[in-house]
Amino acid sequence: MSAYPPELEPFEALMRRGRPASPTRACPLGVCDGSGFLVDEATNTARDCTCRRGRIAASRAAALEGRIPKRYQGISFDRPPVLGMPETIVSEVRRYVRNLDARLREGRGLWLTGDVGTGKTSLAMLVSKAAIDSGHSVAIYSLPRLLNLIRDEVGGENSLLDLLDRLSSVDLLHIDDLGAQHTTPWRLEQLYSIVDARYQARRAIVATTNLMPAELAEQMGRRILTTVSEGEAGQTSQERKVVSDDSSEVVGKRIVSRLVEMCGDPLPLYGEDKRREFRARRVQSSDHID
Ligand SMILES: Nc1ncnc2c1ncn2[C@@H]1O[C@H](COP(=O)(O)OP(=O)(O)OP(=O)(O)O)[C@@H](O)[C@H]1O
Ligand SMILES: [Mg+2]
Ligand SMILES: [Zn+2]
């Protein structure tokens, strides 16, 4: 089933191969010069070629398409750091990747929870990389970036609906750092609508978080309240405090409950922060040189 009307099929196929659309790509209909415009020399006017809609859809899709961040591009099961990670967890991820097509078809996801710097994002990237390599459409976002993107689309004509639609329809949505920041009730609602749409349509999510499911729901229900007060001399002061918000907590619980059903129990990764170990080793070796 395609998320696009039939005339845009070739562009979706392009997007699935993960290739960004080039603005000078030949006209698929053989009508325009590849610019997406038809120029009438006599009147010196231009109108849209039929291919232009497809071009716009393709460049939007390319912008949304998940790219593995540079740091994780060389990630592999056969190399460090994955080789050094707990085998019980790594083998669960390996099993998921082996059955990737079936998992994505049934909308079964995966999530990883645990301490900072223990390899959660690295393992999740292995899943996204496998999905991209086998031709699936993937969107990769950290939650803060995803929420900013949603905020930025507000006011754009249909663009928020468009964005939510695309986030709901990619084969795999990878959300990194769930629960990493406080958000507004409105943005939490948007996140809920994405997760719920994927839940209804049986589309998979891969997620990482530092929190256990119950904590995550509670965290999502908290937000920052800023109060501005005026002093006697007319000066204003701002006070920011974290408050819990009952209706947001319900939304948080709804999100987490769907994730548990879609992804099962989170795979736990606990231990030392490997980034700090890495830094400590570097400091030690420079001590030697000095
Ligand atoms: N078991 C490990 N052995 C060696 N290096 C590791 C191990 N786990 C993680 N690393 C390294 O530690 C760094 C952090 O890994 P990663 O980003 O996957 O952690 P994370 O759990 O997602 O952290 P955060 O909670 O901060 O997002 C990376 O450079 C990674 O290569
Ligand atoms: Mg991470
Ligand atoms: Zn054209």
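In listed order, ligands and their atoms are each counted from 1. Both backbone and side-chain heavy atoms feed into the values below; hydrogens, waters and symmetry mates do not.
Only one option out of Leu126, Thr121, Leu123 pairs with Ile75 in a side chain to side chain contact (heavy atoms under 4.5 Å, CB included); it is Leu126.
Those atoms of ligand 1 that come under 4.0 Å of a heavy atom in Val116, given as number and element, are 25 (O), 26 (O). Annotation for ligand 1: atoms under 4.0 Å from non-hydrogen atoms of Ser122 are 15 (O), 16 (P), 18 (O). Ligand 1 places these atoms under 4.0 Å from at least one heavy atom of Gly84: 1 (N). Residue Thr118 approaches ligand 1 through these ligand atoms, each under 4.0 Å from one of its heavy atoms: 8 (N), 9 (C), 19 (O), 20 (P), 21 (O). For ligand 1, the atoms closer than 4.0 angstrom to any heavy atom of Thr121 are 17 (O), 18 (O), 20 (P), 22 (O), 27 (O).
Looking only at side-chain heavy atoms (C-beta outward), Pro185 and Val251 stay at 4.5 Å or farther from each other. Side-chain atoms of Arg203 and Leu173, non-hydrogen and from C-beta on, never get closer than 4.5 Å to each other. At a threshold of 4.5 Å between non-hydrogen side-chain atoms, the residues Glu249 and Glu218 count as touching. Looking at Leu172 and Ser128, their side chains come closer than 4.5 Å, going by heavy atoms from C-beta outward. Counting only heavy atoms from C-beta outward, the side chains of Glu215 and Thr209 never approach each other to under 4.5 Å. The side-chain heavy atoms of Met85 and Ile89, taken from C-beta on, include no pair separated by under 4.5 Å. The shortest distance between side-chain heavy atoms of Met125 and His174 falls below 4.5 Å. Here the side chains of Asp273 and Thr118 are not in contact, with every heavy-atom distance at 4.5 Å or above.
Among all non-hydrogen protein atoms, the one lying nearest atom 17 (O) of ligand 1 is Tyr72 OH, 2.6 Å. At the top of the distance list for atom 5 (N) of ligand 1, counting protein heavy atoms only, stands Pro81 CB, 3.4 Å. Nearest protein heavy-atom contact of atom 19 (O) of ligand 1 is Gly119 N, 3.1 Å.
Residue Thr208: no N/O/S atom is found under 2.8 Å from the Mg ion (ligand 2).
Geometry about the Zn ion (ligand 3) gives an angle of 110° between SG of Cys32 and SG of Cys27, rounded in steps of 10 degrees.
Summarising the contacts of atom 7 (C) of ligand 1 with Lys274, Lys120, Met125, the nearest heavy atom is found in Lys274. Across Glu272, Arg71, Arg276, Arg79, heavy-atom proximity to atom 29 (O) of ligand 1 is greatest for Arg71.
Within the 4.0 Å heavy-atom shell around ligand 1 one finds Gly117.
Contacts with ligand 1 closer than 4.0 Å are made by side-chain heavy atoms of Asn210 only, the backbone lying farther away.
For the 3.5 Å distance criterion, the side chains of Ser168 and Asp165 fail to qualify, holding no donor opposite an acceptor.
Looking at Arg275 next to ligand 1, an N or O pair under 3.5 Å apart turns up.
Atom 2 (C) of ligand 1 is flagged as protein-proximal [any protein heavy atom, distance under 4.0 Å].
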